[in-house]
Amino acid sequence: MSTFTNNPLNKPLIEDVKEEEDHLEKPEETNVIRIGIIADTEVALGLLLVGIGYHHQKFRNYLMVENDTSLAEIEEFFHKLYKRPNIGIILLDYPTAKRLSPVLEKCKKLLPVVVILPTKASIVAYMEEKERLRRQRQREAYN
Amino acid sequence: MSTMDKLQVFPSRANQVVMKQRILAAKRGMGLLKRKRDAIDLKLRELKRQMGDKEEYVDNLMRTAIFSIAKANLLGTDFKPVIVAGSENGRTFLRRRIQKIVGVVLNYFELEVSEQDAFPNTGLSCGGQQVQKVRAYFLEALKEIVYYASLEYMLRMLTIASHQTNMRVNALDYVVIPRLVNTHTYICGELEEFEREDFYRLKRSQAKQLEAKIAFTELIRTKNMTDEELAEYLKRGRPAHPVADVFFDDDVFEYKSLEERLRDAYVLRHSKRSNQNKEKAKMDSNIKSFIRSVAIQKNPRASIASFISLSGRVLKEKQPDESSSSSEVSFYK
């Protein structure tokens, strides 16, 4: 994992996300929906390899998160993603989702859909939580 | 009944028919909406079940993908281009498609993948195969993630639709149909009321006509009777019919003597005037009243002659009331 925590080229992992919405965006087709990513390096890497990341002059739709990333930054990025009309899915990873849980509870819009993914470190906890939720749902279904 | 909830329409037969049709249409619509609501609920439950299954599958895939990338890291794959270079254009994206279920328009996502790989320079130095594997696994996982997100999206839209339909059903059931029914009963009531009113008017006018007829027949019968015959008739007891409270001018029937009476009245008026002027100085009030009472013995219900001699009529009316001597005096003046 050292190859990822040490940044060989000293490029900051978290890009400057405090820009305003750029009004110089090329208008895209209205039918095109994007996916937003807020996850740790590995998962984000994998997803970027598939090609869902993109960035314009002042905006990129992914954010790689580390343990020491400030909550404020993550929250701000999340709000930016959530407000954008052309983002349909936001992929969060489990520890980030836990950190953002108060924000997530306030999200009541129809779009975007928030999906929570596991990370390597948190797989066990993630699976346990899922089991718990599943059992709870089964219990509720019986009632 | 001002608190009754009804529409403001004019109570007519046409409106009654219209209201009835509206009630029928509303009831039919409510039945259809109920069926739609039940169908939506069924679909919702099905969706939820599907989502539960899908979630497990997605989790498994993600685990595989994460292990693949861990393995790639272990083997020292070169991921630098991904970190360093920013992707200009996202080649892989979603498209929003429309699907219609249970009469509800739903959107869902479809993943569109480009042929060209993003970050083609990744893994050139080391671990190219691993990079391909990572790409493959993540792509598979992403497909399922997109499917799962679509399900979630459809679920949200369906819940909204279900809520809306339920509200519509309730609105029809508890507001619209009672209002229409109330309007209908109101119109029926009003129409009945009109009928009753017409019926009452008709009956009353018939009754009055009957009264008039009976009084007339009576009058004809008793008109030429002498006093004795009248007494006999009265003793026998008149037939039990109500007397018309309409004033009948019986002198009108005596058309022949009408002109005679007119002449008499005219003469009388003039003579009266001259007499009055003469007697003014001589007579005192008592004698005057006595003469007056004796002079004119006419039917109080006077005929056309009375219109000509208005003074005569005034005189006649004063006949029973002989206490007001002052007014008589003033009259003579």
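The structure displayed is predicted, hence computed values, not measured ones. So you know, we letter chains A, B, ... as the sequences are listed, proteins then strands, and number each from 1.
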Point to revise | Interchain contact, B:L139 with chain A, by part (heavy-atom threshold 4.5 Å) | key: both

Point to revise | Contacts of residues 127-137 of chain A with chain B (heavy atom under 4.5 Å) | key: A:M127, A:K130, A:R134, A:R137

Point to revise | Rounded distance [0.5 Å steps], CZ in B:F138 versus CG in A:L45 | key: 8.0 Å

Review point. What pair of heavy atoms forms the shortest contact from B:A149 to A:I89, and how long is it?
Key: CB-CD1, 3.4 Å

Check your understanding: Should we say atom CD of B:Q129 is surrounded by more than 12 heavy atoms from elsewhere, each under 6.0 Å from it?
Key -> no

Exercise for review: Anything in residues 29-62 of chain B with a heavy-atom distance to chain A below 4.5 Å? Please list those residues in order.
Suggested key: B:G52, B:E55, B:E56, B:D59, B:M62

Point to revise | Considering all heavy atoms, the nearest B:I69-A:E42 contact | key: CD1-O, 3.2 Å

Practice item. Identify which part of A:L47 has an atom lying under 4.5 Å from any heavy atom of chain B, answering side chain, backbone, both or neither. Key: both

Point to revise | Leading residue by heavy atom contact count with chain A [cutoff under 4.5 Å; candidates B:I160, B:I145, B:V146] | key: B:I145

Check your understanding: Roughly how far, to the nearest 0.5 Å, is the CD1 atom of B:I66 from the CG atom of A:D93?
Key -> 8.5 Å

Review point. Do B:L142 and A:L91 touch side chain to side chain, with heavy atoms closer than 4.5 Å?
Key: yes

**Study point:** Enclosure of B:Y147 OH (heavy-atom neighbours >12, cutoff 6.0 Å)
**Key:** no

Exercise for review: For atom CZ of B:R196, decide whether the heavy atoms of other residues, nucleotides or ligands shown that lie under 6.0 angstrom number more than 12.
Suggested key: yes

Review point. Do the side chains of B:R63 and A:I123 get nearer than 4.5 Å, heavy atoms only?
Key: yes

**Study point:** B:K100 NZ: over 12 foreign heavy atoms closer than 6.0 Å
**Key:** no

Point to revise | Per-residue contact mode, A:V115 against chain B (heavy atom under 4.5 angstrom) | key: side chain

Practice item. May I ask you to test the A:I33-B:R95 pair for a side-chain heavy-atom distance under 4.5 Å? Key: no

Exercise for review: Would you confirm whether B:R135, through its side chain, and A:L49, through its main-chain N or O, come within 3.5 Å as a donor-acceptor pair?
Suggested key: yes

